[in-house]
Each structure stands twice: as C-alpha cells, then as structure tokens.
Amino acid sequence: MASAAAISSSITSRSLLSGDFKAALIASIRHPEPSIATSAASGGPRPRRMLARPCCAVEPTKRNDSVVPSAAVAEAANAAVGEEATAPSAAVDYEELNKALENASPLEIMDRALDMFGNEIAIAFSGAEDVALIEYAKLTGRPFRVFSLDTGRLNPETYKFFDAVEKHYDIHIEYTFPDAGEVQALVRSKGLFSFYEDGHQECCRVRKVRPLRRMLKGLRAWVTGQRKDQSPGTRANIPLVQVDPVFEGVDGLGSLIKWNPVADVEGKDIWNFLRTMNVPVNSLHSQGYVSIGCEPCTRPVLPGQHEREGRWWWEDATAKECGLHKGNLKQDEAGKLGANGNGVAAANGVDGTVDIFETQAIVNLSRPGIENLLKLEKRQEPWLVVLYAPWCRFCQGMETSYMELAEKLVGSGIKVGKFRADGDQKPFAQKELRLGSFPTILFFPKNTSRPIKYPSEKRDVDSLLAFINALR
C-alpha cells in the first residue's frame, strides 16, 4: 500500500467527504513497473500507431464526491493528447497516452476515459470481479454507461448478481443478446452442447462476439476488466489504452478505443479493493469459481490450477480466449487456432520456449527414455512422469507443486520425471501414453508394464502424494 503522501497526492481536497478513507485507499493503488519487455525491445513488430478522435458527447456534471487524477498524471496525459483533447476535432496518439498513464491508478485512468468520451463510452461487465470497474466509475463522480452480454447460458447466480449491481449503483445495465435466428440455427443443427465436441469458438461467435460487435458499433470507446495476470499467454502485454485492433466503432475500423484500467493490477489487489469498498460480488466466487462465463463452460478451479483452467477445460488450447479479446493473440498464435480453437505447438526443442520443471530432482526424459520406461515390465523403482508443454499455462500453473513434490520424493525410491509431449511428440504421446490434454500425469508402477493415469485435476502436493501412496 502506498504511503500517506502518495495517497494524498492522488486526492483533491474537495473529495475528502464521507468515503475519503476508502477512496484514498484505492486511489493509491498504482501499477507496478512492467515486467514484460515491449515488442520493440524484443525485436517483434511495433503496434500500429493510430490516431483517433475523442468525443465528449455529454456535458460533464458537477462532481460532489469525486476522486480525480493527481496533477502530475493529468498534466502528462494532457500533454500526450494536446490542449484541445476534449474537442471532437482533436487527434490523439494513444501509444503516447498509454505511456503517459503508465504510473496512473485505475481510478485515474477511468476518470480520464470518461472525461474524454462522455456518453459514447461504456463499461463491459461480465458479471464477475470486473464489478470493480463500475465502482471506479462511480468514484469519479462522472456519468457512465454499463453493458453486458446475456448469452442465454449464464448461471442463475450471475443473473441475480446483475440485479444486485443495478440496485446497488442505481443504474440500468444495457443488456445485449445474440440473434435468435442464429442461435436457433446453431442449436437445431448441432444440439445444445456441440462445443464439447468441436470446441467453443462457434458458439461464442454466435452468442458473444457478434452481439458485442453490434454493441460496439454504436460507441467510440469501451472499458474492459482485462488483467495481465488473468492469462499470461494471451494478456501479458495488454496496454492501458489502445486503438481496438479487432472491433469497429461509430466511424469504422480503427476508430474504437479500448481502455483496460486494471491491466497492471493483480487479482488479489482487485479483491482487496472489492472488500474494502463493500462492493457486491457474484456468489459463485465463494464456490471456487474465479473466471466466470457461461454455465456449461465454467467450473470451479482446483488447488494448483490457473484461474483460466476453469474455462473450456476439455480443450487443449494454447490461447483460451472466446473471441471478445482476440486482438490479444499474436498473429502466429491466432494462425494456429483451428475451428475449435485448439492450438498445436512447434516441434520439441526448436520453438525457443523456455522450459519448465527445471530442478535436479526431476529427470528430463527423451523420446527413447520414455519408450524404454514404457517397455519395461519390471522396473527397479516406480516413476511419476508429467506429460507437458512449456507454453501451456496449466502446466506452468502446477510447476511449483510438482517441483515441491519431486523434492519431497528424493530418496524415497520413487523417480520423478517429465516428458515434453507437444509438437512432433504429440501423436506418439496420444497413442502410447494416453495423452488427452496438458498436463497429463502418469504413474509407472514397479511391477506393472502399463502406466496408470492420474484421474484428478487436483495438482497440489497432497493430492499427488495420496495418488502415489495408493499405488506404491
């Protein structure tokens, strides 16, 4: 938490009313220094430098209980957009504005967004912890709009949460629905649960992406709750503000501005904020749900799992995005996505991916090594082996627990190994090792030729130890 001096510099004297302590608390939350190098530094292509026009369609109302940006941040942001920033004719360099806002708090960024776009910007609300965006908007004291995509497949708890949010903030959420004809055609031709068979992309396209596209065509800007820590594979480099690379605004492609005020905020800090401000939350969170979407495609996460593993868990995907934020995907990653959204990694050892499970307690098995282990009918000692792909976020999510387990088993008579099973090795692993999705964990008993597949998705140390002890 920032010092008192830092807090006070973010709050104007006229904002210190009944909610000052809470407002000061969150206004002081600032972004950490970026830990990911920019694309320019890494040799990748620079993002497009595009100019778009802000619009202040609504006369800003007098704010009686507002928290506004600090003078330093406001001055830097104004310098980035020019003196005529709020005039419809002014052009804004959003790359420069993004840099100017690097050290701004989410509240300051939200205030800037609402100030620039007035009634032609709206907050996208999914019914999860992104309710924080609405709280930030309320704290600015400015008028704001909120919209949500009702896919027709949400949990009952989410619908109740929508109602609670509307009452708490005294607002009306602008619900957007899929085209009834498109939904009918999809369900009649492929059934209610086709996504379990051929992937989620088609259903998401009908129920989410196209309705969102229609909604955004009536706006000049939108606000999302994306965070970098939600999905390191697809969201690690999202900016605080950008020209939307995928969707069109009122003036066509390249005119829509996308704001991500909490991009640099960690999930735990979002939850600290929600608790501090006594904000209503979706009751599914108390049941183990972290990332919340449609009911058939969302489930609670288990110990050792990444939050995105609660979404589309049946798919072996390199990039778990429904299409609403497809612009996060690099071109090569997007190209790997087939009709079902599943990716295939490059061949072993040639894609430059940093390896994982790196410890002396874990044996790195080659293809001949795993084949020999598979052929042995009587082994000198049992083995526990993880079939993994280093780019897989769920493999990365269990790295700590698996390495801790390996250290615990040193000297126990049980060997712990890993086999990279993506790329060229994937067909072999699927056929001979029963690879379904990453990660797959196998136990090779001492006196049995065939390995036993770990059936649970609980990947914490205690659960894995219980599995091993039951088979020793």
Side-chain angles (χ1 to χ4, degrees), residues 2 4 6-31 54-78 81 85-87 97 100-101 103-125 129-148 164-174 219-225 240-241 257 259-262 265 269-270 272-280:
I7 292 175
S8 61
S9 69
S10 298
I11 314 291
T12 62
S13 58
R14 66 194 176 100
S15 71
L16 299 177
L17 300 174
S18 60
D20 333 342
F21 173 72
K22 293 180 178 179
L25 195 65
I26 194 57
S28 68
I29 295 179
R30 296 183 178 276
H31 308 294
C55 179
C56 199
V58 170
E59 186 72 16
T61 58
K62 183 177 180 180
R63 294 176 287 169
N64 296 319
D65 187 12
S66 63
V67 182
V68 297
S70 64
V73 174
E75 183 178 350
N78 285 333
V81 301
T86 56
L97 179 57
L101 293 172
N103 294 315
S105 71
L107 181 58
E108 293 164 346
I109 298 168
M110 179 68 77
D111 187 79
R112 185 67 185 171
L114 297 179
D115 181 39
M116 288 178 66
F117 290 95
N119 196 46
E120 293 190 297
I121 185 172
I123 297 167
F125 177 45
E129 78 275 12
D130 53 354
V131 66
L133 298 175
I134 303 177
E135 181 68 15
Y136 285 128
K138 173 201 163 190
L139 289 173
T140 69
R142 300 183 185 275
F144 60 90
R145 297 168 59 188
V146 179
F147 76 91
S148 188
V165 168
E166 287 186 313
K167 291 176 179 176
H168 182 81
Y169 292 101
D170 192 22
I171 61 174
H172 292 290
I173 297 173
E174 300 174 38
L219 299 173
R220 293 189 185 276
W222 63 310
V223 184
T224 86
L240 298 168
V241 60
I257 306 306
W259 294 79
N260 307 300
V262 295
V265 182
D269 292 323
I270 290 289
N272 286 337
F273 171 51
L274 296 178
R275 283 188 284 266
T276 299
M277 305 305 288
N278 196 27
V279 174

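Owing to the predicted nature of the structure, the values given are computational and were not obtained by experimental measurement.
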* Asked: Roughly how far, to the nearest 0.5 Å, is the OG1 atom of Thr224 from the CH2 atom of Trp259?
  -> 12.0 Å

* Asked: Which pair of heavy atoms, one from Pro106 and one from Val265, lies closest together, and at what distance?
  -> CG-CG2, 3.6 Å

* Asked: Shortest non-hydrogen contact from Asn278 to His168?
  -> O-CE1, 4.0 Å

* Asked: So how far is it from Tyr136 OH to Met277 CE, rounded to the nearest 0.5 Å?
  -> 9.0 Å

* side chain to side chain contact (heavy atoms under 4.5 Å, CB included) partner of Val223, the single match among Asp130, Ile121, Val146 -> Ile121

* Atom pair CH2/CG of Trp222 and Asn260 - distance to nearest 0.5 Å -> 8.0 Å

* Structure fact -> CZ (Phe125) and CD1 (Ile173) are apart, to the nearest 0.5 Å, by 5.5 Å

* Asked: Which heavy atom of Leu101 sits nearest a heavy atom of Leu240, and at what distance?
  -> O-CD1, 3.2 Å

* Check against side chain to side chain contact (heavy atoms under 4.5 Å, CB included), Phe273 and Val262 -> CA-CA 12 Å; Phe273 171 51; Val262 295; over 6 Å; no

* To do: Starting at CE of Met110, measure out to CD of Glu135 and round the result to the nearest 0.5 Å.
  => 10.5 Å

* What distance do Ile171 atom CD1 and Phe144 atom CZ have between them, rounded to the nearest 0.5 Å? -> 5.0 Å

* Without swapping roles, check the side chain of Arg145 against the backbone of Asn119 for a donor-acceptor pair under 3.5 Å. => yes

* **Minimum heavy-atom distance between Leu133 and Gly225, given as atom pair plus value** => CD1-N, 3.4 Å

* Please lay out, stage by stage, how Val131 and Leu274 fare under the test side chain to side chain contact (heavy atoms under 4.5 Å, CB included). => CA-CA 8 Å; Val131 66; Leu274 296 178; 3.8 Å; yes

* **Worked check of side chain to side chain contact (heavy atoms under 4.5 Å, CB included) between Asp111 and Glu108** => CA-CA 5 Å; Asp111 187 79; Glu108 293 164 346; 5.6 Å; no

